[in-house]
Amino acid sequence: MQTQINQTTLDLIQGDITQQETDAIVNAANSSLLGGGGVDGAIHRAAGPGLLAECSQLGGCRAGDAKITKGYNLKAKYVIHGVGPVYNSKDPNIPKLLASVYQRNLEIATEHQLESIAFPAISTGVYGYPMQEAAEISLKTVIDFLQQNTQIKLVRFVLFTAEALNVFEDTLARLI
Ligand code: ADP
């Protein structure tokens, strides 16, 4: 599913984020930035050891924030490592942290004058965020950002399963 938000195409697909040819791919990192399972493990495997070497110089990253590195053996030139929150339904700060990590990724992409960026569904794996709630927050934050001025021409969500893609598509259809 594709839609246009001002000058930017917002694209939802099912796939593997490590295969994307966008200027940057976003990693669902943990705060150590030293690798992990899920998307993080897949990105480090595909990028090769140079990525971990650069990440180990960054001093970690707080939840809600993001840091950029080169893409090494990936097709993408950059990886932006975004640290999502661990889900906790009782903590009112958690949705703000999830919104913040998307916002920071887009700000960093803007600072580096990138034209395309691909996101996974941050926090919806090991970090336990329910897909529906995560889709709402993620899509709203991206749409709000794209309604401001941006040079970014393509924002793609790469959902790992058909089910996740369905949830994102239904949510996007309601939001636009
Ligand atoms: P987190 O720790 O932020 O929850 P995970 O990597 O565990 O991050 O999962 C985030 C989401 O990414 C999950 O929905 C998971 O199914 C999905 N995912 C796992 N591997 C890939 C991949 N190679 N490409 C895109 N999405 C992926």
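Numbering of ligands and ligand atoms starts at 1, following listing order. Just so it is clear, the values below take in all heavy atoms, side chains as well, and ignore hydrogens, waters and symmetry mates.
The distance criterion of under 3.5 Å between nitrogen or oxygen atoms is not met by Thr18 with respect to ligand 1. On a distance-only criterion, Val126 and ligand 1 share at least one N/O pair closer than 3.5 Å.
The closest approach between any non-hydrogen atom of Ala164 and ligand 1 is not below 4.0 Å. Residue Ser123 places a heavy atom less than 4.0 Å from ligand 1.
Looking at every heavy atom in both residues, Gln14 comes nearest to Phe160 through NE2-O, 3.6 Å. The minimum heavy-atom distance between Gly82 and Val26, with the atom names listed, is N-CG1, 4.5 Å.
Listed by atom number, the atoms of ligand 1 under 4.0 Å from Ala28 heavy atoms are 3 (O), 8 (O). The atoms of ligand 1 that sit less than 4.0 Å from any heavy atom of Met131 are 14 (O). Near Asp16, with a cut-off below 4.0 Å to any heavy atom, the atoms of ligand 1 are 22 (C), 23 (N), 24 (N).
Residue, atom and distance of the protein heavy atom nearest to atom 6 (O) of ligand 1 are Val39 N, 2.8 Å. Ala121 O, 3.4 Å is the protein heavy atom nearest to atom 10 (C) of ligand 1. Given atom 17 (C) of ligand 1, the protein heavy atom at minimum distance is Phe160 CB, 3.8 Å. The single protein non-hydrogen atom nearest to atom 4 (O) of ligand 1 is Gly125 N, 2.8 Å, given as residue, atom name and distance. Regarding atom 13 (C) of ligand 1, its nearest protein heavy-atom neighbour is Thr124 OG1, 3.3 Å. Taking atom 24 (N) of ligand 1 as the reference point, the nearest protein heavy-atom neighbour is Ile17 N, 2.9 Å.
With hydrogens and angles left out, the side-chain atoms of Thr9 and Gln4 include a donor and acceptor closer than 3.5 Å. Thr18 and Asp16 share a side-chain donor-acceptor pair at under 3.5 Å. Between the side chains of Thr150 and Gln7, no donor-acceptor pair is found at a separation under 3.5 Å.
Salt-bridge check for Arg104 with Asp65: passed, with a basic side-chain N closer than 4.0 Å to an acidic carboxylate O.
Atoms CG and CZ, on Asn105 and Phe145 in that order, are 10.0 Å from each other to the nearest 0.5 Å.
The 12-atom threshold is exceeded at CD of Glu111, counting heavy atoms of other residues, nucleotides or ligands nearer than 6.0 Å.
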